[in-house]
Structure formats: structure tokens, C-alpha cells
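So the structure is just underneath, and the comments pick up after that.
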Amino acid sequence: MSGEAAAKPALLQVVRLPGGLEAQLAERFDVTLAPPRGPEREALLREQGARFVGLVTSAGHGAEAALIEALPRLRVISSFGVGLERLDLSVAARRGVAVGYTPDVLNDCVADAAFGLVIDTMRGLAAADRFVRRGDWRSGKTLPLASKVSGARIGLVGFGRIGQTIARRASGFEMPVRYHARRAVAGFEAQHEPSLLELARWADVLVVITAGGPATRHLVNAEVLRALGPEGFIVNAARGSVIDETALVAALQEGGIAGAGLDVFENEPQVPEVLFLLDNVVLLPHIASATRETRGAMGQRVFDNLAGFFDSGTLVSEAPA
Ligand code: 8YV
């Protein structure tokens, strides 16, 4: 009995995680790394699924209903990241499985990256870098003039923790801020705009920073992009699914909007190749949270959620049901 009480809880890890976190987890838990989705994983789940009381995943990988159902003794899921759209929360809730994630610790870095995209896209920094590298400066060519960032109108699509952090960054650039969200949020100078179309008409730059999933799929469609107009820019540091990518590519190709800064795409890691040819588009490989400091803090939160659950039944950051 005492031997059993001392046994390390068995965790199934379904995605590779930063090395420090993997080492920390292996010290405290009995960790099994699952093969990628496919027949090998299915065999593991069939043979050993009943062993695992914890599941470690990421926002990108998630945990679908079939995976949760294949773990009959599962008590807790700990996810690396803030996005929850790939995690079947309703199946977890029905099964009484607690779900932990890593909000807050990434607000600064995601906001910094989104703001970096605003500046890069409006000022054309990456394009200017390519201009120098190609030798165009040396050979006497001229770059087109860019758009001024300070004082420009910034419209936030979403006003959660990260959106609010972006709003604070914007105030240092004397940028008027409005946001589109289901509800007005008290305590901010930024104005709530119930109509996304109105926000797009008003804004010089729209920053998409709302949760992914079916509720926001293609929220930014061709009509919204038309409202943003040929002088307007768009930045997406949320989820590719929030923007209709086909409509976005068309708007960029036809000059319907002025430019785009994108950290996320509908079908990552696939990026529409036509965008490679456009100098007014900045493309990032989903790196908004990817700093040593923030990824370290996210890893720590993944661990602390599990340790808290097994020590006291309380997660540091429990996902909303
Ligand atoms: C990470 C993210 O890239 O937190 C999220 O939801 O999208 C990013 O911070 C992701 O967690 C890695 O899967």
C-alpha cells in the first residue's frame, strides 16, 4: 500500500515539449511519450491507455474526444499554451477531467510580437531589409514610402488579456484604440465597438487577437477586409482560422488592403505561396510566444498545474469550462 502511494503518477505526453520541461516532468512523473497520431499511437492507447491518470499536450496538438475517451482513468490534462480550441473541453468536463493551460505568462511576448508586426507591416521594415540585401539601395533604386505608426488608429479584434496588453503598448505610441468584443470591458480608455465592420472602417490597422474555434471562424471575411480598405493593414497573432485566408490573399493580391503581418495561418505550417511574392506581407512561423523567458514560464505552468493537481487537487490555471 505504501509502495503504491509513493508510485509516480503515470502521464501520457502526446507532443514534444521544451527540454527543461520534459526533464522536470520525468523527475516527478512516470512519463510515456506517445508516437504521433496514427496506428502506433492507437496500439499504445489500446494496450496501455488504462494506465494514465494525466495527459500532457499543447495548444497546437490539443486532445480530441477519442484520445480522452481512450484514457479511462484520466484525471487531469495539462496543456502548453493558452489556446483551447483543439481540446475537447466538453468531453473532459463530462468525464470529470480537470484541464490546465498557460494563460497570462505569455501576454507580454504575444503582445510584443503583435506590435512588432504592426510596426514592421506599416513601416515595411522586412521589405526594406530585403531591399538592402538585394543590393537595390546600392544600385540607386528607391523604396516606396511607408505609413506612420505613431498616432494611427488601431482596432483590436478581441479584447482579452493579450488584447488589453496590446492596448497598453499602443498608448505609448499615442494610437487611438477601439476594440470589437462581445462585451465592453470596464477600466480602459479604449472604446468598445460592437460592429466589426465599423471597427474595420475606422481603423488604420486591425489586430486580430481573439480566441480560435468555430465561434470566430472567418470572423474577418471579404466584407471586413473591404471595410478596412486599400490604406488599411491587418495583423493576426491569434489563430489563422479567424481570417478567411482565401479572401485575405485575394485582398492582398488586388490591393484591397495595404498589407498584412501574419504569425498564424489556416493550415499551419502551410502558407499560401502567393504571399511569398508580396513585399507588403510579413510572414512569421507562429512564434509570438517563442522567447526563452515566456516558453520557460509556460513550461513551468504546465508542471505547476500537474503538481498542484496531484498535491492538492488545485491547478494554478484551470481552463474555463
Ligand atoms: C504556442 C499558442 O505556439 O499559446 C498558444 O495558444 O498558440 C502559442 O503560444 C503553442 O502553445 C505551441 O503549441
Side-chain angles (χ1 to χ4, degrees), residues 11-22 24-25 33-34 36-37 55-64 67 76-89 92 99-117 156-166 169 207-217 219-220 235-243 245 261-271 282-306 315-320:
L11 298 188
L12 182 66
Q13 178 186 333
V14 288
V15 68
R16 290 315 298 247
L17 296 162
L21 172 59
E22 290 196 346
Q24 213 180 350
L25 288 172
L33 181 63
R37 285 190 180 96
L55 176 70
V56 191
T57 185
S58 68
H61 190 92
E64 65 280 16
L67 174 61
V76 62
I77 299 174
S78 187
S79 180
F80 183 86
V82 69
L84 293 166
E85 76 279 6
R86 290 178 185 216
L87 240 148
D88 201 321
L89 292 176
V99 178
Y101 70 144
T102 69
D104 301 317
V105 294
L106 43 60
N107 295 349
D108 278 336
C109 280
V110 177
D112 293 350
F115 217 82
L117 281 174
L156 301 173
V157 182
F159 203 57
R161 287 170 282 225
I162 303 172
Q164 293 164 18
T165 308
I166 296 172
R169 305 275 184 280
V207 178
V208 177
I209 195 68
T210 189
T216 57
R217 187 170 182 277
L219 187 65
V220 175
V235 162
N236 191 359
R239 287 293 183 261
S241 59
V242 185
I243 304 183
E245 201 164 88
L262 307 171
D263 184 46
V264 289
F265 301 87
E266 279 207 82
N267 186 26
E268 293 172 13
Q270 305 304 324
V271 175
V282 180
L283 304 169
L284 301 182
H286 199 146
I287 52 155
S289 70
T291 64
R292 281 185 301 280
E293 294 85 348
T294 288
R295 288 287 168 88
M298 289 163 69
Q300 189 61 47
R301 188 61 55 88
V302 167
F303 181 85
D304 291 345
N305 280 336
L306 288 166
L315 292 90
V316 182
S317 303
E318 181 152 16

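One is the number of the first residue; the rest follow in order along the sequence. First listed ligand is number 1; within each ligand, the first listed atom is number 1.
Within the 4.5 Å cutoff, side-chain heavy atoms of F80 are placed close to those of R295. Taking the side chain as every heavy atom from C-beta outward, L306 and L25 approach each other to under 4.5 Å. Side-chain atoms of L33 and Q13, non-hydrogen and from C-beta on, do get closer than 4.5 Å to each other. V110 places none of its side-chain heavy atoms less than 4.5 Å from the side chain of T165. Put simply, the side chain of R217 does not reach to within 4.5 Å of the side chain of R239, judged on heavy atoms.
Listed as neighbours of ligand 1 are S58, A59, G60, F80, G81, V82, G83, L106, R239, H286, S289, R295, M298, each bearing a heavy atom under 4.0 Å from the ligand.
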Open item on the list: Let's go through L55 and L67 carefully: what are the C-alpha distance in whole Å and the side-chain angles of both, what is the deciding distance for side-chain contact (heavy atoms from CB on, under 4.5 Å) to 0.1 Å, and is it a yes or a no?
Closed with: CA-CA 10 Å; L55 176 70; L67 174 61; 4.0 Å; yes

